[in-house]
Amino acid sequence: MSIIVFKQVEAIWHSALHPDFAFFSLTSIYKRAFTISRRLLAFIAFCPLIALAETSGVTESDFLAEMPKVLTASRLAQPLSHAPAAVSVIDREMIEASGASNIAELLRLVPGFMVAERLGGQYTTGYKALGGEYSRYMQVLVDGVSIYQVYFGEVHWWTLPVPVEEVERIEVVRSPNAASFGSNAFQGVINIVTRDPATSKGGKVVLQGGTDGFYRGLARYSGGNELIDYRATIGVKRSTGFDNILDASRTPYVLLRGDLHLSPRDEVQLQFGQSETSNEAGFKDSQLNPPHSATVVDQFFQARWNHSLGSDEDISLQYARSRFRPRDEWTIMLDPLLYAYLGLPYAPYSPSLGYETGRDSFELTHRLRPSRTTQLAWGVETRRDFVDSMTWFYPDAYLRGDLTRLFANGEWDALPNLTLNAGAMLEKHYFSGSKLYPRLAANYELMPGHIVRASVSKGFRPPTFGEQKGNERFYLNSTLLLQRFAPNPNGLQPETVTSQEIGYLGEWRELGLSFDARISVDRYQDMIVTEQVSNPLALMDGDKVLMFKNGFDLDVTSSEFQARWRPNSDNLVVANFAHNSILSRDREAERSGPLNIGSLMVSHRFSPAWRVSATYYRYGAMDWLGGGSPISKYERLDMKLAWKLHPGHKDDELALVLKNALNRHNISFEEHNIESMGAFLALTLGF
Amino acid sequence: MPLTFSAKLIKTIPRLACLVLLWFAAFGCAQAAKISILLSDTGPEYRMVADAVVMALAAERRAGLDVQIISQHEWVNGDQAKDFSLIVAVGVSAAQSAADSRWRTPVLATLIPRQAFDKILSARTLDGARMTALYLDQPFERQFALMRALLPSAKTFGILLSQQTQGSSAQVRSAAERFQFRPVISTLGSDGELFTQLLPLLPQIDAMFVVPDNGVINRLTIRNFLLATYRSRVPVIGYSQNLVEAGVLSAVFSTPSQIGQHAGEVVRQMLKGAWAAPAYPRYYTLKVNNSVARSLDINVPDEDALLREVHRILDSE
């Protein structure tokens, strides 16, 4: 009989609150945030009056009394010269010069990164090779909390409730760094560090509006006293997306952070972010998936207690939680014949797409300096991941896995100009069992400011829930209509990457110039792919399903460099270039990254009030994996002109940003989505 | 009727004799002398100073010197002062109490910042021969020698002064020049807005220097101050061990025991009759925050080698 094929149908599942599930609607979040901030302000006001400036004269207690430990071991960044891998840092100055309105776009300033707008406001990023629909091969953290989703290992950049204005800097480690960051740090690590509430006090409002119905706004208030430094940000962003698909979206969000100074040695950092996106879904002129609207709730929470045991030693205990819940429901009328065949009364059918995924983790880290020449960081993490979807994970719907990790990283200044670094992580994963991820590196200083580095590391990426257990089925009542994915009866092996690199880092401080070059050879094995096979539960002959399996190997040899020149505070030039040679028996994999990628940013302040900047970005032919299309080249120029309304006193600024100023009709990701030129005005006011 | 010269002389001799006798009574007779160490508080640092003074005066004590350690809350209205030939005050509030006593017992104030001592003197218009001090702070020369030892190629440093300390800017400049530094001095206005003055300084300087001034550095501002300087990769040189533990790169300072040891030596000198003018500490040490040094990519020798280098730089001046 006729079997109706439609994209996805799910048994109707009402939002009975799952025990592990605690979402609040954003309106209730706003209410909570305002109540909390009002209470907090009242509390602070009644706190014992601590004069802002104690002008009662210096006494011996200003010398002898304990001061709060500010630069604790966990706050101190490792200097690039001692880093065991190539690290790129995008700082506040670069963030502002770029004119970027979201975090994913900033990754264009890291050598070797491909960034594409897959749907309106929804970016995907790739590094060197394996560019695909979702950014799956990087460990992405916000202040040390993982924000990738365990469903497929993907990062949802667009729903992340962290605006670029609250980013202090982004540190990108451009090598597998599983030894420190765990299994998802397959190609590298992206750590987004938010602005410390202690350093930016007062209120700020940002309003942006431009072509194509683009608008963004945020309001932030930051304050503090001896007990607590806090920051509360609420905002909204909107994108109308590409012309011929239904991908417009609007995302309000809230981001709260409080740093409690319980004692000179104890600090508790709390951070909460939640966004609630409403977006267009469906397809024009489609019977089965007509235009409708959908929502996504994205939430993360972090509580970290840091206890300082001395100026060189500290312990931190962290609880982190993330939840991601897309919801998508609509109603259609199916073919009445189907109902007749099944003997069911005719009724409208409401497919519901949606799932929930999340993780909860506890982590303990201890950092210390056993001697003047050695430094050690070690820790333990235990984490529970879950997914919940009847469509994808028939019949259980709710799946959960526990993992435990033990990690250690040590640095030894073996000689005055030689530093050795060794790290390892032992991870017991719910699908892959126990695995050891090692890394070794040596940094040798040829002369002050010039370092040569060699390192070798091994990483694994265990299969995710979607890959290992995906069992996508569509039912009408109890009749199976269609199966799209079936789990692999043999299970999946984790993907493996072995990476070796040699790098050079040079700094000419008097000239304000730094240069970082690197050659690396990465060997990827057992990469997980989908394959169409005969359905093991064949309902009829010729019935095919998709199945995940371990597939191709890939060798990527790349040379990258990054140069940064800042001769004075008025000028900045940042240049990046990467050349990648990708070899694989799998033709598609071989083309999953361009041969060359480069970018150039120039920023110049020509008076105390006026600053102009331009960023040129380009990469060559490649074929995005997953739903993407082959592209012949991608080229883009963004420009920004900023006018400071009160130079030197406040941050008030009016800026004009031109996106794709050369008006290149780039295929962004999929061939029907063509980029066009755009512009927006941005107003920032402080008070 | 105007007195003849000889009559005047006859009148003044007894007064002179009394003064001389008083002087000897105060300083000359170590055998029968009684001195007091007056502690501002019961905290361990004050006791450490007192114990170090007592140890330094071991010989004199064997010869009969009586040293009494008194806590300030026992010092009711300063009447006990008349029993002593010298009061060693430990801390600002002890120095204030000893100065306020109506008995004109000489006072050696220790564990007292220079600024606080100058304030006590000026507020009470004391006879300079009655009160002297051993400052807690280090002379600028020592601190700049440390800065030079740690950062051999640094040329400029920034310094923030408030209304309290702006008087020392000339001193800072002249001391800085001796070590080939160019100071960039910024003074906080009466609104005291620290960060509007700090942030424009940071791109211009190779290092930041902090003076004891709670209008600039206090428990409220320290966090923002250290985070802002660290973010700009500007190392900070401080004035106390606690600041180094908080995140300042390094400081020269004197421990309470070192202060006490020096105080004991000064007391010995004063008991023999020689008045000691206010002075900076003779004994000092230093501390480096190795984690901060490493994070800022600053190569630091071990503390003993660094201290020798500081001595060497000071000696060559």
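Predicted model, so just to flag it, every value in this text is computed and none were measured. So that the names make sense, note that chain A is the first sequence line, chain B the second, and so on, each numbered from 1.
Ring centroids of B:Phe253 and A:Phe63 are separated by 6.0 Å or more, keeping the two rings apart.
Only the side chain of A:Glu267 comes within contact range of chain B, with at least one heavy atom under 4.5 Å from a heavy atom of that chain. Only the side chain of A:Thr419 comes within contact range of chain B, judged by heavy atoms closer than 4.5 Å. The part of B:Pro301 that comes within reach of chain A is its backbone (N, CA, C, O), which places non-hydrogen atoms under 4.5 angstrom from that chain. Neither the backbone nor the side chain of A:Asn568 comes within contact range of chain B, judged by heavy atoms closer than 4.5 Å. Both the backbone and the side chain of B:Asp302 come within contact range of chain A, each with at least one heavy atom under 4.5 Å from a heavy atom of that chain. B:Ile112 does not touch chain A: none of its heavy atoms, backbone or side chain, sits under 4.5 Å away. Residue B:Ser162 does not touch chain A at all, counting heavy-atom pairs closer than 4.5 Å. With a 4.5 angstrom heavy-atom cutoff, A:Asp229 touches chain B only via side-chain atoms. Residue B:Leu199: no heavy atom, backbone or side chain, is found under 4.5 Å from chain A. With a 4.5 angstrom heavy-atom cutoff, B:Tyr46 touches chain A only via side-chain atoms.
Atoms CG and OG, on A:Leu76 and B:Ser291 in that order, are 6.0 Å from each other to the nearest 0.5 Å. The distance from atom CD of A:Glu66 to atom CG of B:Leu243, rounded to the nearest 0.5 Å, is 12.0 Å. Expressed to the nearest 0.5 Å, how far OG of B:Ser153 lies from CD of A:Glu510 amounts to 8.0 Å.
With chain A as the partner, the residue from B:Ala228, B:Ser240, B:Ala246 showing the most heavy-atom pairs under 4.5 Å is B:Ala246. Annotation: maximal heavy-atom pairing with chain B below 4.5 Å, among A:Gln375, A:Lys69, A:Glu60, occurs at A:Glu60. Comparing B:Pro256, B:Gly91, B:Gly43, B:Pro203 by how many heavy-atom pairs each has under 4.5 Å with chain A, the most go to B:Gly91. Heavy-atom pairs under 4.5 Å with chain A were tallied for B:Ala251, B:Ala116, B:Pro212; the largest tally goes to B:Pro212. Between chain A and the residues B:Arg231, B:Gln204, B:Glu45, the largest count of heavy-atom pairs under 4.5 Å involves B:Arg231. Ranking A:Lys201, A:His261, A:Arg265, A:His82 against chain B, the residue ahead of the rest is A:His261, based on heavy-atom pairs under 4.5 Å. Comparing A:Ser81, A:Ser308, A:Ser569 by heavy-atom pairs within less than 4.5 Å of chain B, the highest count is held by A:Ser81. Here B:Arg294 is the residue among B:Glu245, B:Gln115, B:Arg294 with the most heavy-atom pairs under 4.5 Å with chain A. Among A:Gln78, A:Arg92, A:Arg169, A:Glu411, the residue making the largest number of heavy-atom pairs under 4.5 Å with chain B is A:Glu411. Taking A:Pro448, A:Ala65, A:Gly310 one by one and counting their heavy-atom pairs under 4.5 Å with chain B, the maximum is reached by A:Ala65. Contact tally against chain A (heavy-atom pairs below 4.5 Å) for B:Phe225, B:Phe117, B:Tyr239: the top residue is B:Tyr239.
When atom types are taken as modelled, the side chain of B:Ser295 and the backbone of A:Ala77 share a donor-acceptor pair closer than 3.5 angstrom. Side-chain atoms of B:Asn214 come within 3.5 Å of backbone atoms of A:Gly57 as a donor-acceptor pair (strictly under, hydrogens ignored). Between the side chain of B:Asp297 and the backbone N or O of A:Pro79, no donor-acceptor pair lies under 3.5 Å. With hydrogens and angles disregarded, no donor-acceptor distance shorter than 3.5 Å links the side chain of B:Asn242 to the backbone of A:Met67.
Side-chain contact between B:Leu111 and A:Leu64 is present, with at least one heavy-atom pair separated by less than 4.5 Å. Side-chain contact check for A:Asp62 versus B:Pro113: every heavy-atom pair is 4.5 Å or farther apart. Here the side chains of A:Leu71 and B:Asn289 are not in contact, with every heavy-atom distance at 4.5 Å or above.
Annotation for B:Leu220 and A:Glu226: closest pair CD2-N, 3.2 Å, computed over non-hydrogen atoms.
The residues A:Asp196 and B:Arg223 are annotated as not salt-bridged, no charged nitrogen and carboxylate oxygen being separated by less than 4.0 angstrom.
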Practice task
Apply the test side chain to side chain donor-acceptor pair (under 3.5 Å) to residues A:Thr199 and B:Asn224: give CA-CA distance (whole Å), side-chain angles for both, the deciding distance (0.1 Å), then the verdict.
Solution key: CA-CA 5 Å; A:Thr199 59; B:Asn224 202 345; 5.2 Å; no

